[in-house]
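Remarks on the structure that follows.
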Amino acid sequence: MVTKKRAAFHTLGCKVNQYETEALIEQFRRAGFEIVGEDQTADAYIINTCTVTNLADRKSRQFIRRARKKNSEAVIAVTGCYAQVKPEEISSIEGVEIVCGTDEKKELLHLVEERLVEKDKEDLENIPDVKVLPHDELTQYEELGHIRGMGSRSRAFIKIQDGCDNYCTYCLIPYARGRIRSRAEKDIIEEVQRLTDAGFAEIVLTGINTAYYGRENASAGGGLEPLLAKLNDLSGDFRIRLSSLEPTMIDAAYVKRLLPFDRLCHHLHLALQSGSDRVLTEMHRRYTMKEYREILDVLRDFDPEYGVSTDIIVGFPGETERDFQESVKIVREARFCKTHVFPYSPREGTAASLRTDQIPGTVKHERSKILLEEADQAEQDFLRSCTGSFRDVLIEKTPEDPVTGEDQGIFEDEKMTAEKDGEKAFSEGYTDNYIKTLIYGSAETGTIRKVRLNGVMDGGMRGELV
């Protein structure tokens, strides 16, 4: 009897990476591999990396070393954005045998199988395989195959686009992902229909810059709006969530055209990056605060509880106290449902990293602390404004499901109190406007239920089934 080879996967970074890892897992599974957890002993470890910040690079290196300690004889293959941007640096890490760039992920299965055969024959080369196309040659969308599911039983990410042409002065992503390129519409529709037929009730459309979808084929009628129209007309009980839209690509009029799609969740992630027009210009962000606020106004006029999340960088080179206070101001006023705060991280190869007016780390740390406090208050204000409203909640966890991973500790105090009061049945999920909700009562996982939001609690809101 032939023993199955075991493969483990570790993913860092964005939803695009999560989707691509799932596609790779399914390739390996079809090829006969047993897929095991990343902390288990495996014959091959595949690490899908991120390079948005220096911290992301460091986390990638740490897991490579963890994998080597777990099994020093395993094949370690590294792919993703860090591998694309700095393949030589990755190759120099002890134990790494395969380095694949962004568009070479499709070759990973073959490369790993080939290296495992070489190991069995003890016919090894000392130099790792490195397969990385220059970023300016990443011009064609590479299909990794349709996925059949995700780690969640109810929500699935669907990649619709790759690449970015913005070249913001702080960002390496265009160098890691290449030019904008869109996935074939028929592949997206087929994948969505297959997943919704299998019971997935939320489809998250994701890309490096989702608003770019179909722009290269705009003259042929391509684009995000035509795609949404087709998905909106599919059969099944499901909803659609956009993972993010870049304000550099959209305006208030564009957003207004998306509102009639009734499957679309009332939540958008709109990366702001700074509240200062001066800093936005130096970041090479192509919008003003006035234009950003106009988008917010359109969304909140449509639904006062429309969820808007954002990213903000603090300590960009040359950021003054006045610039920083402009970021604080918009966080206070916009009632973001979630604000991700990032201290500026110089990335080698970007224009901002060459500037001489870098902000000291102590200042970045203090500003991050202040903005995080403001962000938490803004989130609480948003949640309070939703009290008493009725929202659609995707049920993702029932009383029978164990609490694991990142959900550990979420709502635990509330659950203990509920159990003392005799309320032992509860379900969890996210509203359409992206509020984590604890619901008294049991509902079937993967269903979308109407819930009345009764009050704010640590980690989200409590609610009751209608």
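Numbering of residues begins at 1 and proceeds along the displayed sequence.
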(request) Evaluate salt bridge (charged side-chain N to carboxylate O under 4.0 Å, His left out) for Glu38 paired with Lys70, printing each intermediate quantity in order. (result) CA-CA 10 Å; Glu38 61 184 45; Lys70 184 64 66 174; over 6 Å; no
(request) Look at the side chain of Tyr212 and the backbone N and O of Glu246, then say whether any donor-acceptor pair between them is shorter than 3.5 Å. (result) no
(message) Applying the side-chain hydrogen bond (donor to acceptor under 3.5 Å, both in side chains) criterion to Glu191, which one of Arg183, Lys159, His146 satisfies it?
(response) Arg183
(message) Does atom CD (Gln325) have a neighbourhood of more than 12 heavy atoms from anything else shown, all under 6.0 Å?
(response) yes
(message) Taking Gly37's backbone N and O only, do any of them form a donor-acceptor pair with Gln40's side chain (distance below 3.5 Å, no angle check)?
(response) yes
(request) Check whether any side-chain heavy atom of Asp162 sits under 4.5 Å from a side-chain heavy atom of Leu138, and report yes or no. (result) no
(request) Would you please test Asn209 and Arg177 for side-chain hydrogen bond (donor to acceptor under 3.5 Å, both in side chains) and show each step? (result) CA-CA 11 Å; Asn209 197 327; Arg177 285 286 180 171; over 6 Å; no
(message) Looking at Asp277 and Met289, would you say the former's side chain and the latter's main chain have a donor-acceptor pair under 3.5 Å?
(response) yes
(request) First locate atom OH of Tyr213, then atom CG of Leu242, and finally report the distance between them rounded to the nearest 0.5 Å. (result) 13.0 Å
(request) Kindly say whether Arg65 contributes a backbone atom to a donor-acceptor pair with the side chain of Glu94 at under 3.5 angstrom? (result) no
(message) Please determine whether a side-chain nitrogen of the Lys or Arg among Arg181 and Asp103 lies less than 4.0 Å from a carboxylate oxygen of the Asp or Glu.
(response) yes
(request) Without swapping roles, check the side chain of Ser154 against the backbone of Glu396 for a donor-acceptor pair under 3.5 Å. (result) no
(message) Tell me whether Glu202 contacts the main-chain N or O of Arg241 through its side chain, where contact means a donor paired with an acceptor under 3.5 Å.
(response) no
(request) Indicate yes or no for a side-chain donor-acceptor contact from Ser327 to the backbone of Gly275 under 3.5 Å, with no hydrogens or angles considered. (result) yes
(request) Flag the pair Asp57 and Arg347 as a salt bridge only when some basic side-chain nitrogen lies within less than 4.0 angstrom of an acidic carboxylate oxygen. (result) yes
(message) Looking at Asp381 and Arg332, is any side-chain nitrogen of the basic one under 4.0 Å from a carboxylate oxygen of the acidic one?
(response) no
(message) Salt bridge check, Arg179 against Asp136: does any charged N sit closer than 4.0 Å to a carboxylate O?
(response) no
(request) Please step through side-chain hydrogen bond (donor to acceptor under 3.5 Å, both in side chains) for the pair His340 and Ser309, ending with a clear verdict. (result) CA-CA 8 Å; His340 304 279; Ser309 52; 5.5 Å; no
(request) Answer whether the closest heavy-atom distance between the side chains of Arg278 and Glu326 falls below 4.5 Å. (result) no
(message) So, applying side-chain contact (heavy atoms from CB on, under 4.5 Å) with Phe157, which one of Val204, Ile147, Val16 is it?
(response) Val204
(request) Establish, from distance only, whether the side-chain atoms of Thr11 and Thr21 form a donor-acceptor pair under 3.5 Å. (result) yes
(message) Tell me whether Thr206 contacts the main-chain N or O of Ser243 through its side chain, where contact means a donor paired with an acceptor under 3.5 Å.
(response) no
(request) Could you check if a side-chain atom of Phe9 sits within less than 4.5 angstrom of a side-chain atom of Asn48, using non-hydrogen atoms only? (result) no
(message) Arg66 vs Tyr45, test: side-chain hydrogen bond (donor to acceptor under 3.5 Å, both in side chains). Steps then yes/no.
(response) CA-CA 10 Å; Arg66 276 175 53 194; Tyr45 293 91; over 6 Å; no
(message) With a 6.0 Å cut-off on the ring centroids, do His269 and Tyr434 count as close?
(response) no
(request) Give a yes or no on whether the backbone of Pro346 and the side-chain of Ser353 come within a donor-acceptor separation of less than 3.5 Å. (result) no
(message) Please determine whether a side-chain nitrogen of the Lys or Arg among Glu319 and Lys364 lies less than 4.0 Å from a carboxylate oxygen of the Asp or Glu.
(response) no
(request) Side-chain contact test, heavy atoms from C-beta onward, threshold under 4.5 Å: evaluate it for Asn17 versus Thr49 and give yes or no. (result) no
(message) Please check this pair: side chain of Asp323 against backbone of Thr320, looking for a donor-acceptor N/O pair closer than 3.5 Å.
(response) yes
